[in-house]
Protein chains: 2
Amino acid sequence: MVTKQYTGSPEDADLMRADSLAREIFSDVANKWAFLIIEIVGDRTLRFSELRDEIEGISHKMLTQNLRMLERNGLVERKVHPTVPPRVEYTLTEPGHGLRATIDGMCGWTRRHLGHIEASRRRFDA
Amino acid sequence: MVTKQYTGSPEDADLMRADSLAREIFSDVANKWAFLIIEIVGDRTLRFSELRDEIEGISHKMLTQNLRMLERNGLVERKVHPTVPPRVEYTLTEPGHGLRATIDGMCGWTRRHLGHIEASRRRFDA
DNA sequence: CCGAATCCACTTGGATACTG
DNA sequence: CAGTATCCAAGTGGATTCGG
């Protein structure tokens, strides 16, 4: 993905389609709110309002938008209980858990490099 | 990171600071251009113009902006050769390679789930 | 060649109000 | 409670120009 140079040969056409699709998916998902949502859901089952309470600073609108996007891509499952008042619960799907694992890796990386990054920033800002 | 509930106890203060810093860094870095840049640099050394040519669709401005950001956070190194015309080369730092590994993981995940995602989208859009 | 700065069209996201 | 729609303020990103 990403670095290939296309020659225009016929068998390249499929690769290119897969590639640009991958890139599109990547762009969908590689945003901070999506990551945060996936991390926070984890293996729990959370209601809309619980999610909003746990994700500091997210607005109602952003949360719905990202949940829809994640649902559309099959990363979270949305379960509606037909009660009054309504109760809607979100969980990660199996592919969602896979993605979560990679995000976990990134969180770990962040934690391990906090010091280095802070130092680098101070140097840069001077 | 992210999910902890703070009690307000003194020892929590440091955790909270580290946490919000981690989140800030995360927000900096978790954007599609940054990911793409890191992936494309890989273990190569690339000039500004080479980068722009390889990253389809990125504008001059976005590229500079993200390169500055990555440099500030110590993920890429910027080397200026004092020639005429100027020659500026970018490489990943050691922490940059660490982050790259996690992004690689995410790319792999995307490739493995292209089919599932496409199917899920079709279902959703109907 | 690289990058900073300006301009401005366009998108984004927050606040609010309204429905089932 | 969950979600949609609207409005509008603020931010973003592209094109262009100028400078080192």
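Chain letters run A, B, ... following the sequence lines, proteins first, then strands; residues in each count from 1.
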Checklist entry - When the distance from CD of B:Glu50 to P of C:dG3 is rounded to whole Å, what number comes out? => result 13 Å
Checklist entry - Within the pair B:Arg52 and C:dC2, is there a side-chain N or O less than 4.0 Å away from OP1 or OP2? => result no
Item to check | Nearest-nucleotide pick for B:Ser59, side chain only, options being D:dT4, C:dA4, D:dG14 | outcome: D:dG14
Item to check | Distance-only donor-acceptor test, A:His60 side-chain atoms vs D:dG3 base atoms, 3.5 Å | outcome: yes
Checklist entry - Which of these, A:Glu39, A:Glu54, A:Glu50, sits in a salt bridge (charged side-chain N to carboxylate O under 4.0 Å, His left out) with A:Arg44? => result A:Glu54
Item to check | Of the listed nucleotides C:dG13, D:dG3, D:dC1, the one nearest the side chain of A:Pro85 | outcome: D:dC1
Item to check | Atom pair distance, as rounded to whole Å: CG in A:Leu63 and P in D:dG3 | outcome: 8 Å
Checklist entry - Would you say the side chain of A:Leu99 lies within less than 4.5 Å of the side chain of B:Met106, judging by non-hydrogen atoms? => result yes
Next on the checklist: Pair B:Thr45, B:Tyr90 - check side-chain contact (heavy atoms from CB on, under 4.5 Å), show working.
Outcome noted: CA-CA 6 Å; B:Thr45 295; B:Tyr90 295 91; over 6 Å; no
Checklist entry - Nearest to the side chain of A:Tyr90, which nucleotide is it out of D:dC1, C:dC1, D:dG3? => result D:dG3
Checklist entry - What integer distance in Å separates A:His81:NE2 from D:dC1:C1'? => result 13 Å
Checklist entry - C:dC1 C1' sits how many Å from B:Glu89 CD, rounded? => result 12 Å
Checklist entry - What's the closest nucleotide to the B:Arg68 side chain, out of D:dG13, C:dC1, C:dA4? => result C:dA4
Checklist entry - To the nearest Å, how far apart are A:Phe48 CZ and D:dT4 C1'? => result 11 Å
Checklist entry - Between B:Gln65 (CD) and D:dA15 (C1'), how many Å, whole number? => result 14 Å
Checklist entry - Strictly by modelled atom types, are A:Asn73 and A:Asp28 linked by a side-chain donor-acceptor pair under 3.5 Å? => result yes
Checklist entry - Would you say D:dC1 has OP1 or OP2 under 4.0 Å from some side-chain N or O of A:Arg47? => result no
Next on the checklist: Using a heavy-atom cut-off of 4.0 Å across all strands, would you classify B:Arg78 as base, sugar-phosphate, or nothing?
Outcome noted: sugar-phosphate
Checklist entry - Please give, in whole Å, the distance from C:dG14 P to A:Ile55 CD1? => result 12 Å
Item to check | A:Glu77 and A:Glu71: CA distance, side-chain angles, deciding distance, side-chain contact (heavy atoms from CB on, under 4.5 Å) verdict | outcome: CA-CA 6 Å; A:Glu77 189 189 338; A:Glu71 189 193 355; over 6 Å; no
Checklist entry - B:Met62 has an atom CE; how far is it from atom C1' of D:dT16, in whole Å? => result 15 Å
Checklist outcome for this item: The residue, A:Thr64 or A:Pro86, whose nearest nucleotide of DNA chain D is more 5′ is A:Pro86
Next on the checklist: Pick the closest DNA chain D nucleotide for A:Val88 and for A:Lys61 by heavy atoms, then say which residue is nearer the 5' end.
Outcome noted: A:Val88
Next on the checklist: On the nucleotide D:dA2, are OP1 or OP2 found under 4.0 Å from the side-chain N or O atoms that A:Arg87 carries?
Outcome noted: no
